[in-house]
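Structure first, commentary second.
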Amino acid sequence: MTHRLVNILLVEDDEVDVMNVKRAFSKNNIKNPLFVAGNGVEALEMLDNKIVPLPRIIILDINMPKMNGIEFLKNIRENEKLKNISVFVMTTSNEDSDKIKAYNLNVAGYILKPLSFEKFVVSVSTLNNFWQLCEM
């Protein structure tokens, strides 16, 4: 059986976190194409203008300038072309209100950013197991 690698869009404003995601991909030998948007507004522009191929998976931060992750989620869930994309929230926000809002907008997972890079690598490895199911 051949696997087709799914496109992944990372919506994250923190350059260190972007670098950590890329390093975690490398550590886990994840070869999926990874596209990066710096906030929700930029991500919507990239998706609406087809600057990036339609991703099957979005990794989303909650706390971002211009448009936060919850606002971004509301936008894509109201868009016929984008509403079925699997979204994983990866954030430092441990607020119950953010978790409830995210799950009410049908996120596939809510992952707190761990403090250590090693734990982050393990978290990304877990996500990779799900992505591989999407590629079958």
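Sequence positions, counted from 1, serve as the residue numbers for this chain.
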* **From CA spacing to verdict: side-chain contact (heavy atoms from CB on, under 4.5 Å), Leu47, Leu82** => CA-CA 8 Å; Leu47 294 168; Leu82 307 175; 4.1 Å; yes
Connected via hydrophobic side-chain network under 4.5 Å: [X] and [Y]:
X      : Y     : result
Ile111 : Val36 : yes
Phe72  : Ile51 : yes
Ile58  : Leu10 : no
Val18  : Phe88 : yes
Phe25  : Ile57 : yes

Is there a donor-acceptor pair under 3.5 Å between the side chain of [X] and the backbone N or O of [Y]?
X     : Y      : result
Glu12 : Asp14  : yes
Asn75 : Glu71  : yes
Arg77 : Asn106 : yes
Asn28 : Ala24  : yes
Asn49 : Glu45  : yes

[X] versus [Y], closest heavy-atom pair with distance:
X      : Y      : value
Leu5   : Lys31  : CD1-O, 3.5 Å
Val89  : Val107 : CG2-CG1, 3.8 Å
Ala37  : Leu9   : N-CD1, 4.2 Å
Val11  : Ala43  : CG2-CB, 3.7 Å
Ala102 : Ile70  : N-CD1, 3.8 Å

* Decide yes or no on side-chain contact (heavy atoms from CB on, under 4.5 Å) for Leu112 and Thr92, but give the supporting numbers first. => CA-CA 5 Å; Leu112 289 175; Thr92 56; over 6 Å; no
Straight-line distance of [X] [atom1] to [Y] [atom2], nearest 0.5 Å:
X     : Y     : atom1 : atom2 : answer
Asp48 : Asn79 : CG    : CG    : 6.0 Å
Glu42 : Asp13 : CD    : CG    : 10.5 Å
Arg56 : Asn32 : CZ    : CG    : 11.0 Å
Glu78 : Leu73 : CD    : CG    : 11.0 Å
Lys99 : Ile62 : NZ    : CD1   : 11.5 Å

Can you find a pair of side-chain heavy atoms, one from [X] and one from [Y], that are under 4.5 Å apart?
X      : Y     : value
Leu105 : Lys74 : yes
Pro33  : Ile8  : no
Asn68  : Asn63 : no

* Asked: Are Ile85 and Leu54 close enough, and set up right, to give a side-chain contact (heavy atoms from CB on, under 4.5 Å), and what steps lead you there?
  -> CA-CA 9 Å; Ile85 298 173; Leu54 190 64; 4.0 Å; yes
* Taking it one step at a time, do Leu44 and Ile76 satisfy side-chain contact (heavy atoms from CB on, under 4.5 Å)? -> CA-CA 8 Å; Leu44 285 176; Ile76 67 166; 3.8 Å; yes
* To do: Could I get the full list of side-chain hydrogen bond (donor to acceptor under 3.5 Å, both in side chains) partners for Asp98, not counting sequence neighbours?
  =>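 Per chain and number, Asp98 pairs via side-chain hydrogen bond (donor to acceptor under 3.5 Å, both in side chains) with Ser93.
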